[in-house]
Amino acid sequence: MSGSVRRTTMPSIEIVAKEAGVSTATAGRALGGYGSVSRKSREAVLAAAERLGYRPNSLARSMITGLTHTLGVLVPDIENPFFSRALRGIADAAHERGWEVLLVNTDEDLALERKALSVLTERRVDGLVVAPTDVADRDALQAVVDAGIPVVLLDRRVPGLEADTVGIDNRAAAKDATERLLKLGHRSVALLTGGDEKLRPKLSRPGLRGVERLAATTVGARAAGYRDALVEAGIEPRPELVSAEGFRREDAAAATRRLLALPDPPTAILALDSLLALGVLQALRGLGLRCPVDVSLVAFDDADWAEAISPPLSVVAQPIYELGAEAGRLLLDRVQGSDKRFTHRRLPTRFIERESATSR
DNA sequence: TAGAGCCTACATGAACAACG
DNA sequence: CGTTGTTCATGTAGGCTCTA
């Protein structure tokens, strides 16, 4: 005896075949719907499977097909409404085509992201949707791609990586939002970015090269669009009006207080996500200032509450669900053998004018 | 007796051969 | 030609055998 023990009492194809009086191959064909099987055999197999409560063993199936029918999804923070909505799109696209989704949070932590990549690779996911933590860190993602696992980048781009990407035209969207504030008569517009302290000096550097380099990241691209609008309007960008003090709401509140304490404070603020916008509103209330009478505010992302607050928030709305769904579909195309050229899919944004920005 | 290396179970799908 | 059966490969863990 081998000493090996059956791990479950679940009937295998072999048992079903025996019960139906056919070979395992015929049972496999009947259950799997491939090859040719006589009606009589198929009915006998299906009846036997029904009687025995047969369920296919996906572990064994993966062993031979090399597919786990699982997609890995790596996002910085599932509590961020952007990513939870996008995940919904990814999962729906996956389910539609018979795939499951395995989710890992990276907490914007490069070490966690690398760990997650190796875990998901060991789990033999068929493909990965990734919102990478650091777009400059290509190695770990490239290793996954080199191992033959297709990757689709969501929201962020990693220069040089062989992967499809899905996102919006961040630069154009930020430029449009800034232009709207300028058109309302604002000359002193602040940009609340959340991240990357390196932004400020780059924005103030003359010439385009600094900005072009910036545009690789989401935040950088939006900052570049903000700058484009100012420059086209003949306004000199003021580095002290660009905040890069962190992504949390308290960070945004602190940044707002700093901005409004400047000798020549901004009359309008562009916040790069909805959480930052909350921080702005919190700070304004603390300072006894009103929006939009004292300070106009426009934010990226049409959060659930954006329309419900007073004043309702004017926003740059991203098609977040559709971004996720498109990422999922692109990835499954790759998993199922598409070798088309890598695409950078840009979905359109929509400016929703409400009441948080007025003329001055 | 330790360690290396070979063998087998596991469930399924596919290549191939054979049958009527 | 449609249908069926045989055999093998798949990746890994754990057990067995052989060797030093």
Side-chain angles (χ1 to χ4, degrees), chain A residues 1-74 90-91 93-106 111-130 139-152 161-163 328-340:
Chain A
M1 277 309 262
S2 69
S4 190
V5 184
R6 265 188 71 86
R7 291 182 259 287
T8 70
T9 54
M10 299 272 287
S12 65
I13 272 199
E14 197 186 341
I15 307 292
V16 174
K18 207 169 279 174
E19 170 86 4
V22 299
S23 70
T24 57
T26 298
R29 284 189 278 254
L31 292 163
Y34 57 91
S36 56
V37 185
S38 68
R39 211 181 72 181
K40 193 168 152 243
S41 294
R42 180 166 44 246
E43 281 169 3
V45 170
L46 294 181
E50 173 78 30
R51 269 199 306 281
L52 297 169
Y54 166 79
R55 306 260 57 213
N57 182 329
S58 60
L59 271 179
R61 181 178 289 161
S62 295
M63 209 153 70
I64 184 122
T65 60
L67 288 175
T68 54
H69 287 88
T70 306
L71 301 182
V73 177
L74 236 62
I90 297 169
H95 291 158
E96 208 166 274
R97 280 153 80 164
W99 258 261
E100 290 299 326
V101 163
L102 216 54
L103 171 76
V104 182
N105 275 302
T106 62
L112 277 180
E113 177 175 304
R114 293 183 160 208
K115 178 96 196 311
L117 281 175
S118 96
V119 167
L120 291 174
T121 306
E122 282 174 24
R123 292 284 205 106
R124 295 296 188 270
V125 294
D126 298 326
L128 279 166
V129 176
V130 184
D139 295 354
L141 284 169
Q142 186 62 51
V144 172
V145 171
D146 289 344
I149 301 175
V151 170
V152 172
L161 185 73
E162 292 171 351
R329 286 191 292 264
L330 276 176
L331 183 59
L332 285 167
D333 287 347
R334 292 282 173 217
V335 168
Q336 294 176 322
S338 161
D339 56 355
K340 286 196 215 128

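As the structure is a prediction and not an experimental result, all values here were calculated from the model. Naming convention: chains lettered A, B, ... in sequence-line order (proteins, then strands); numbering from 1 in each chain.
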*With a 4.0 Å heavy-atom cut-off, tell me which residues in residues 35-50 of chain A come close to DNA chain C, sorted by residue number.*
A/S36, A/V37, A/S38, A/S41
*Tell me whether the OP1 or OP2 atom of B/dG13 has a side-chain N or O from A/Y34 closer than 4.0 Å.*
yes
*Is any N or O donor-acceptor pair between the side chain of A/R29 and the base of C/dG5 shorter than 3.5 Å?*
yes
*Rounded interatomic separation in angstrom, taking CG from A/L31 and C1' from B/dT12*: 11 Å
_Closest contact, heavy atoms only, A/A20 versus A/A44_ = CB-O, 3.6 Å
*Grab the NZ-C1' distance between A/K18 and B/dT12 for me, whole Å please.*
16 Å
*asked:* Please report the interatomic distance NE2(A/H95) to CD1(A/I90), rounded to the nearest 0.5 Å.
replied: 11.5 Å
*A/T70 side-chain N/O to A/V101 backbone N/O, donor-acceptor pair under 3.5 Å*: no
*Return the minimal non-hydrogen interatomic distance between A/L52 and A/E19, and the atom names on each side.*
CD1-CB, 3.9 Å
*Within residues 21-36 of chain A or reaching into it, pairs that qualify as side chain to side chain donor-acceptor pair (under 3.5 Å) - sequence neighbours excluded*: A/S23-A/T26
*Counting only non-hydrogen atoms, which of residues 52-70 of chain A are less than 4.0 Å from DNA chain B?*
A/Y54, A/P56, A/N57, A/A60, A/R61, A/M63, A/I64
*What pair of heavy atoms forms the shortest contact from A/V104 to A/A116, and how long is it?*
CG1-CB, 3.5 Å
*Closest heavy-atom pair and its distance - A/A163, A/V151*: CB-O, 3.1 Å
*Does A/R97 pair with A/D333 as a salt bridge, N-O distance under 4.0 Å?*
yes
